[in-house]
Visitor: 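Before I ask anything, here is the structure I am working with.
This structure is a prediction, so every number in the text was calculated from the model and none was measured. The figures that follow rest on heavy atoms only: side chains count, while hydrogens, waters and symmetry mates do not. We count residues from 1, following the sequence as given.
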Amino acid sequence: MKVWLACFLVLFALAELFDWLQEFNLPLPIYILGGAFLAVASNYDKIVGSSTADSSIEASLEQPQLDSLTPSINPISLPISNPVEDVQTSQTDD
């Protein structure tokens, strides 16, 4: 019974919060300032310059050495099965 009551209260609170958030409006300048702040924050490293850039960023830009690009010594051979026409003709002959 306690679990049902707790679930009901949580769902009721979420429904009321969702209803309140739908009616909540911000003026357009707040959206513009928020977008500008997010743009500056996401591009902070590019705006400040590479003089403060970490050497780990430069290391990550180097080409990685992959061993999987070298050709394999043992090639893989796949058997070729009979075409569908040959199988159908052999079944009709039986």
Visitor: For the CG atom of Leu38 and the CG atom of Asn43, what is their distance to the nearest 0.5 Å?
Guide: 10.5 Å

Visitor: When rounded to the nearest 0.5 angstrom, what distance separates CG in Leu21 from CG in Leu14?
Guide: 10.5 Å

Visitor: Can you tell me how far CG of Asn25 sits from CD1 of Ile30, rounded to the nearest 0.5 angstrom?
Guide: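 Taking CD1 in Ile30 and CG in Asn25, the distance rounds to 12.5 Å.
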
Visitor: Tell me, which pairs form a ring-ring contact (aromatic ring centres under 6.0 Å, His included) where one or both residues lie in residues 15-43, sequence neighbours left out?
Guide: Trp20-Phe24

Visitor: In Å, rounded to the nearest 0.5 Å, how long is the span from CD of Glu16 to CG of Leu11?
Guide: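 CG of Leu11 is found 12.0 Å from CD of Glu16.
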
